[in-house]
Amino acid sequence: MRINKYLSQAGIASRRKADDLIRSGNIKVNGAVMKEPGYDVKDEDVVEVNGRPVEGMQKPVYLLLNKPLGVITSVKDDKERMTVNELVKDVDARLFPVGRLDYNTTGALIMTNDGDLTYRVTHPRHELDKTYRALVKGILSREKLAKLRNGVDIGGFVTSRARVSIIKEGKNSTLVEISIHEGKNRQVRKMFAAVGNPVQSLTRIAIGEVRLGHLKEGHYRKLTPEEVQYLKNC
Ligand code: URA
């Protein structure tokens, strides 16, 4: 098997990132730096990434986690906050979150050891619609709704069209469902702040057609084969 595929199936990186690792001299085969992306890995080869042996091939694992508040989506945190990996530590695979969710955002997060799927789903060209439920301060006028739907300036970037619908209007707050196509940092919070209705709480309820449903916070489930196929075709 080609070394870039081998590294991606071992959960190290996407095939493209594996090519970068190979070119930059981070990969050794049987103790010698291997710079040929086309190298065919043999059964008896010992492959190392930055000096650490690759522990053979892992079966691909695809999970949907309901990320709780106060948990970060990086694999490690220097401030010792809880990471999403701690919530899936009973799964015997080296999993990575697919994309990010803010520390204070809850909801749908895909976790996998399939580097190619991660690359596909997070690539701007394939970016799937992400749907959020946002509780925002105040009332959204028609003008504000139109701005959110048609594009709003979030500081040097005008968002593309979004689907926005009001679920419930209270006296001092509004529950809104919003689907966006891009994934700029803190985009939903910035969009509502830009129209003067700051977000009070935010939950991602769907990634494309992969829906959170009734999954409880802090729990995860396996993606169905149909969901995995859908993400692979996105
Ligand atoms: N938009 C945000 O503001 N926060 C998230 O976590 C995701 C999207």
Side-chain angles (χ1 to χ4, degrees), residues 63-79 81-88 95-112 117-138 140 144-145 147-168 173-213 215-220 223 231 234:
L63 303 179
L64 183 71
L65 171 72
N66 185 346
K67 185 188 99 57
L69 274 183
V71 177
I72 62 157
T73 45
S74 347
V75 174
K76 275 199 192 120
D77 183 40
D78 43 18
K79 295 193 199 123
R81 291 172 297 184
M82 186 183 234
T83 68
V84 285
N85 283 75
E86 288 170 55
L87 297 169
V88 295
L95 301 178
F96 297 91
V98 177
R100 283 176 288 118
L101 267 188
D102 294 343
Y103 186 66
N104 287 326
T105 302
T106 58
L109 182 73
I110 294 169
M111 301 213 40
T112 184
L117 183 113
T118 303
Y119 179 80
R120 258 195 109 68
V121 172
T122 54
H123 194 286
R125 186 155 27 102
H126 304 289
E127 197 90 60
L128 293 167
D129 281 358
K130 316 258 176 18
T131 305
Y132 298 84
R133 282 248 168 140
L135 183 68
V136 304
K137 201 165 167 211
L140 285 167
K144 288 179 174 189
L145 276 175
K147 271 195 187 169
L148 290 164
R149 287 181 179 136
N150 296 328
V152 53
D153 190 337
I154 56 169
F157 178 82
V158 177
T159 55
S160 59
R161 292 181 80 81
R163 269 176 288 134
V164 186
S165 49
I166 291 178
I167 307 294
K168 200 171 167 192
S173 60
T174 309
L175 185 62
V176 192
E177 198 166 295
I178 177 166
S179 293
I180 58 171
H181 194 62
E182 321 97 322
K184 298 284 174 204
N185 193 26
R186 300 176 68 78
Q187 180 165 335
V188 175
R189 291 174 198 275
K190 287 179 183 168
M191 287 173 77
F192 284 105
V195 295
N197 299 79
V199 166
Q200 295 178 320
S201 66
L202 187 63
T203 301
R204 182 155 70 192
I205 58 169
I207 300 164
E209 289 170 17
V210 178
R211 302 195 71 83
L212 190 61
L215 190 62
K216 290 203 185 99
E217 267 186 41
H219 289 229
Y220 64 82
L223 293 186
L231 293 171
C234 80

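The basis for the numbers below is simple: all heavy atoms, side chains too, and nothing from hydrogens, waters or symmetry mates. Each ligand, and each atom within it, is numbered from 1 in the order the structure gives. In this chain, numbering begins with 1 at the start of the sequence shown.
For the pair K190 and T159, the minimum side-chain heavy-atom distance is 4.5 Å or more.
The number of heavy-atom neighbours closer than 6.0 Å to NZ of K147, taken from other residues, nucleotides and ligands shown, is 12 or below. Within a 6.0 Å sphere centred on CZ of R120, heavy atoms belonging to other residues, nucleotides or ligands number more than 12.
Annotation: atom 8 (C) of ligand 1 to nearest protein heavy atom, Y132 OH, 3.3 Å. The protein heavy atom nearest to atom 1 (N) of ligand 1 is V188 N, 3.2 Å. The protein non-hydrogen atom at the shortest distance from atom 6 (O) of ligand 1 is D102 N, 2.8 Å.
Set against the non-hydrogen atoms of L101, the atoms of ligand 1 under 4.0 Å away are 6 (O). Of all atoms in ligand 1, listed by their number and element, those nearer than 4.0 Å to a heavy atom of Q187 are 1 (N), 2 (C), 3 (O). Residue contact check: L202 has heavy atoms under 4.0 Å from atoms 2 (C), 3 (O), 4 (N) of ligand 1.
In T105, the part holding a heavy atom less than 4.0 Å from any atom of ligand 1 is the side chain. For V199, no heavy-atom contact with ligand 1 is shorter than 4.0 Å.
Minimum interatomic distance between R211 and A206 (heavy atoms only, all atoms of both residues): NH1-CB, 3.8 Å.
Among the atoms of K190, none of the N or O lies under 3.5 angstrom from an N or O of ligand 1. Any N or O atom pair closer than 3.5 Å counts here, and R189 shares at least one such pair with ligand 1.
When atom types are taken as modelled, the side chain of R81 and the backbone of G70 share no donor-acceptor pair closer than 3.5 angstrom. Of the possible donor and acceptor atoms, one in the side chain of N66 sits under 3.5 Å from a partner among the backbone N and O of L215.
Between the side chains of R189 and T105, at least one donor N or O lies within less than 3.5 Å of an accepting N or O.
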